[in-house]
**Q** 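Just passing along the structure, written as structure tokens.
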Amino acid sequence: MVALLALVLRPSAPPDGFLTPIAQSKYIPSNLVYKTCYRSRVVCRGSFVMADINTANGKLHQNLPNLFAFFLAAQHGNFTGAAEELGLTQSSVSQRIKGLEVDLGILLFRRGHRGVTLTNEGLRLLKVVEPAMKQMQNSVAALLERKQKPRVRISADFAFSTFWLLPRLSQLRSELHDKVEIQILASQVPPRSDADDCDITIHVSATRNMKADDILILEEKVAAVCSPGFLKKNGPIRSSQDLLKAQLLSLSRPPSAEWQTWQGWFENLRIADERTHNYLSFNNYDMVMQAAVAGEGIALGWLGLVDDLINQGSLVLASKDVVISEAGYVMSRDRDSTSKGPQAVFDWIVSQIDVERP
């Protein structure tokens with residue numbers, strides 16, 4: 001929008017070689033410096049565009065209410081509809097549009113008895129103004145809605161979202177009396193550190209990187225799990241070494257993720273032989289567990305997440321080995337947030353950890 005205003009407002013430069021009077025007795029070639037009628041300033045050619053942008057910013061600051069009136073008038077096709085939305089009179093909207101036209105030096109509307117129609121210049125301005133105004137409308141509406149009912153956005157990976165958060169979600173909402181809107185943003189990778197979309201993040205991270213007010217929800221304890229039917233059909237599995245001969249189910253890991261993989265799991269147990277089967281890989285941990293329950297192979301199971309499937313008999317340990325890493329599910333919060341909603345959810349999760357931790 002600023003760029004468009006700059007283009008509209010930008011005056012023409014004199015041609016190269018033209019001598020412009022700077023003082024009564026001096027003439028300087030215009031390719032070095034020239035005087036414009038633009039605020040009576042002497043400006044260097046290299047700083048000309050910056051001056052345009054600065055002026056456009058000033059015009060934008062002065063005309064934001066007028067631009068919104070222009071946007072509404074263009075939507076309604078008349079000044080009356082725009083006036084009703086703004087709570088103004090029709091003549092007030094007309095004056096705002098006229099002020100904008102005078103400031104820009106262009107005609108935006110053709111006036112008629114049955115309404116107004118956009119000129120070519122008006123259409124050009126609307127093309128830039130419309131998406132910006134709609135985005136501002138949506139953002140303000142979302143902020144007002146959030147003020148009425150606090151929203152808490154939780155970023156967590158698919159495994160934690162599916163097997164820890166979802167089973168406890170109804171209890172969380174009940175204990176907070178449904179006064180907080182919960183949004184779970186499932187992603188295999190944590191949000192960027194400069195992202196401001198999330199109030200709480202829960203992802204696998206090295207415990208050495210934890211900050212002072214971070215909370216370790218679960219240590220990373222990983223075992224090999226499969227369905228009872230798979231173990232009966234493909235067993236016995238006498239040691240973890242035998243797993244190399246079985247069909248292994250794998251979770252695809254993005255480069256920035258820090259959770260355990262089959263390769264790391266075997267390395268921790270000092271098992272270095274080759275596998276006899278290719279991995280059957282998935283990009284979602286819920287699918288990995290569904291495949292394991294269906295008897296498709298052996299998967300890595302994060303203890304603390306898959307406990308219910310084991311207790312229900314849907315999964316069993318394929319070997320006795322459990323690898324404990326120096327990572328875990330770490331919960332962090334937006335330290336700049338002053339809203340009570342995120343704090344209430346954060347404290348509730350902490351309370352659940354204290355109750356469930358042996």
**Q** Quick check: are there more than 12 heavy atoms from other residues, nucleotides or ligands sitting under 6.0 Å from CD of E326?
**A** no
**Q** Any donor-acceptor pair under 3.5 Å linking the side-chain atoms of S94 with those of S91?
**A** no
**Q** Has the side chain of Q260 got a donor or acceptor atom that lies under 3.5 Å from a matching backbone atom of V222?
**A** no
**Q** Would you say H76 and E84 are linked by a side-chain donor-acceptor pair, where the criterion is simply a distance under 3.5 Å?
**A** no
**Q** Is there side-chain contact between I215 and F346, with heavy atoms separated by less than 4.5 Å?
**A** yes
**Q** For a side chain to side chain contact (heavy atoms under 4.5 Å, CB included) check, start with the C-alpha distance between F266 and L243, then their side-chain angles and the critical distance, and finish with the verdict.
**A** CA-CA 10 Å; F266 284 123; L243 297 177; 4.1 Å; yes
**Q** Are more than 12 heavy atoms, taken from residues, nucleotides or ligands other than E219, located less than 6.0 Å from that residue's CD atom?
**A** no
**Q** Measure up the W262 and W265 rings against each other and bin them: parallel (under 30°), tilted (30 to 60°), perpendicular (over 60°).
**A** perpendicular
**Q** Any link between L305 and L315 through a network of hydrophobic side chains (Ile, Leu, Val, Met, Phe, Trp, Tyr) touching at under 4.5 Å?
**A** yes
**Q** Could you tell me whether the side chain of E220 reaches within less than 4.5 Å of the side chain of V204, counting heavy atoms only?
**A** yes
**Q** Specify the closest pair of heavy atoms between V345 and V180, including all atoms of both residues, with the distance to one decimal.
**A** CG2-CG1, 4.4 Å
**Q** How about CG on N283, more than 12 heavy atoms from neighbouring residues, nucleotides or ligands closer than 6.0 Å, or not?
**A** no
**Q** Begin with the C-alpha distance, continue with both residues' side-chain angles, and end with the deciding distance and a verdict on side chain to side chain contact (heavy atoms under 4.5 Å, CB included) for K134 and F71.
**A** CA-CA 10 Å; K134 286 184 176 179; F71 163 66; 4.0 Å; yes
**Q** Run the side-chain hydrogen bond (donor to acceptor under 3.5 Å, both in side chains) check on Q343 and R333 step by step: do they pass?
**A** CA-CA 8 Å; Q343 184 65 53; R333 59 183 163 183; 2.7 Å; yes
**Q** So which heavy atom on S240 is nearest to which on S319, and how close?
**A** OG-OG, 3.0 Å
**Q** Quick one: does D347's side chain have a donor or acceptor within less than 3.5 Å of a partner on A344's backbone?
**A** no
**Q** As an exercise, state the distance from CD of Q241 to CG of D321, rounded to the nearest 0.5 Å.
**A** 10.5 Å
**Q** What closest approach, in Å, do P167 and F163 show between heavy atoms, and which atom pair accounts for it?
**A** CG-O, 3.7 Å
**Q** Using a 3.5 Å distance criterion without hydrogens, assess whether the side chain of Q247 forms a donor-acceptor pair with backbone atoms of N278.
**A** yes
**Q** Less than 4.5 Å apart, side chain to side chain, heavy atoms only: is that true for D334 and P342?
**A** no
**Q** Mind checking whether V350 and L216 sit in one hydrophobic cluster, side chains of I, L, V, M, F, W, Y counted as touching below 4.5 Å?
**A** no
**Q** Which one of W302, F160, F158 satisfies the ring pair (Phe, Tyr, Trp, His ring centres under 6.0 Å) criterion with Y285?
**A** W302
**Q** Would you give the length of the straight line joining atom CG of N120 to atom CG of L108, rounded to the nearest 0.5 angstrom?
**A** 11.5 Å
**Q** Going by distance alone, is a donor N or O of one side chain under 3.5 Å from an acceptor N or O of the other, for E181 and Q183?
**A** yes
**Q** Do we see a donor-acceptor contact under 3.5 Å between the side chains of Q290 and D286?
**A** yes
**Q** In the structure I gave you, are the side-chain heavy atoms of I349 and I202 within less than 4.5 Å of one another anywhere?
**A** yes
**Q** Write down the atom of G297, the atom of C226, and the distance for their closest heavy-atom approach.
**A** O-CB, 3.7 Å
**Q** Taking the side chain from S139 and the backbone from M136, do they hold a donor-acceptor pair closer than 3.5 Å?
**A** no
**Q** Group every Ile, Leu, Val, Met, Phe, Trp and Tyr by side-chain heavy-atom contacts under 4.5 Å, then state whether L107 and L118 land in the same group.
**A** no
**Q** Hey, what do you get for CG (L64) to CE (M133), rounding to the nearest 0.5 Å?
**A** 6.0 Å
**Q** Roughly how far, to the nearest 0.5 Å, is CG of L249 from CE of M287?
**A** 11.0 Å
**Q** Are M289 and V306 close enough, and set up right, to give a side chain to side chain contact (heavy atoms under 4.5 Å, CB included), and what steps lead you there?
**A** CA-CA 9 Å; M289 287 296 99; V306 301; 3.6 Å; yes
**Q** Look up atom CG in N66 and atom CD in Q95, then write down how far apart they are to the nearest 0.5 Å.
**A** 10.5 Å
**Q** Can you confirm whether S205 sits close enough to M210 that some side-chain heavy atom of one is under 4.5 Å from a side-chain heavy atom of the other?
**A** no
**Q** Should V116 and L72 be regarded as members of a common hydrophobic cluster, given that ILVMFWY residues are connected when their side-chain heavy atoms come within less than 4.5 Å of each other, either directly or indirectly?
**A** yes
**Q** Would you indicate whether the side-chain heavy atoms of I154 and L185 approach each other to under 4.5 Å?
**A** no
**Q** Which heavy atom of K245 sits nearest to which heavy atom of H277, and what is that distance?
**A** O-CE1, 3.0 Å
**Q** Mind checking the CD-CG spacing from E101 to L125? Nearest 0.5 Å is all I need.
**A** 10.5 Å
**Q** Donor-acceptor check, side chain of D103 to backbone of G99, threshold 3.5 angstrom: yes or no?
**A** no
**Q** When you group the ILVMFWY residues by side-chain heavy-atom contacts below 4.5 Å and let the links chain together, are Y329 and I353 in the same group?
**A** yes
**Q** Give a yes or no on whether a salt bridge exists between K233 and E296, defined as a side-chain N under 4.0 angstrom from a carboxylate O.
**A** no
**Q** Between I237 and I298, is the side chain to side chain contact (heavy atoms under 4.5 Å, CB included) condition met? List the steps.
**A** CA-CA 11 Å; I237 297 176; I298 301 174; 3.7 Å; yes
**Q** Would you confirm whether N311, through its side chain, and D307, through its main-chain N or O, come within 3.5 Å as a donor-acceptor pair?
**A** yes
**Q** What is the minimum heavy-atom distance between I217 and M331, and which atoms define it?
**A** CD1-CB, 3.6 Å
**Q** Sub-3.5 Å donor-acceptor pair from the side chain of S314 to the main-chain atoms of V293, do we have one?
**A** no
**Q** Give me the one residue out of L169, I184, L166 that meets side chain to side chain contact (heavy atoms under 4.5 Å, CB included) with S161.
**A** I184
**Q** For G81, is there any backbone N or O sitting under 3.5 Å from a side-chain donor or acceptor partner on N78?
**A** yes
**Q** Between E175 and W348, does the side-chain hydrogen bond (donor to acceptor under 3.5 Å, both in side chains) criterion hold? Intermediate values first, please.
**A** CA-CA 9 Å; E175 294 189 17; W348 186 89; 2.8 Å; yes
**Q** Could you tell me whether the side chain of L248 reaches within less than 4.5 Å of the side chain of L280, counting heavy atoms only?
**A** no
**Q** Flag the pair R96 / P65 as yes when at least one side-chain heavy-atom distance between them is below 4.5 Å, and no otherwise.
**A** yes
**Q** Is the backbone N or O of W164 less than 3.5 Å from a side-chain atom of R168, with the two atoms forming a donor-acceptor pair by type?
**A** yes
**Q** Any sub-3.5 Å donor-acceptor pair from R153's side-chain atoms to I182's backbone N or O?
**A** no
**Q** Walk me through it: do F70 and F109 pass the test ring-ring contact (aromatic ring centres under 6.0 Å, His included)?
**A** CA-CA 9 Å; F70 161 76; F109 289 104; 5.5 Å; yes
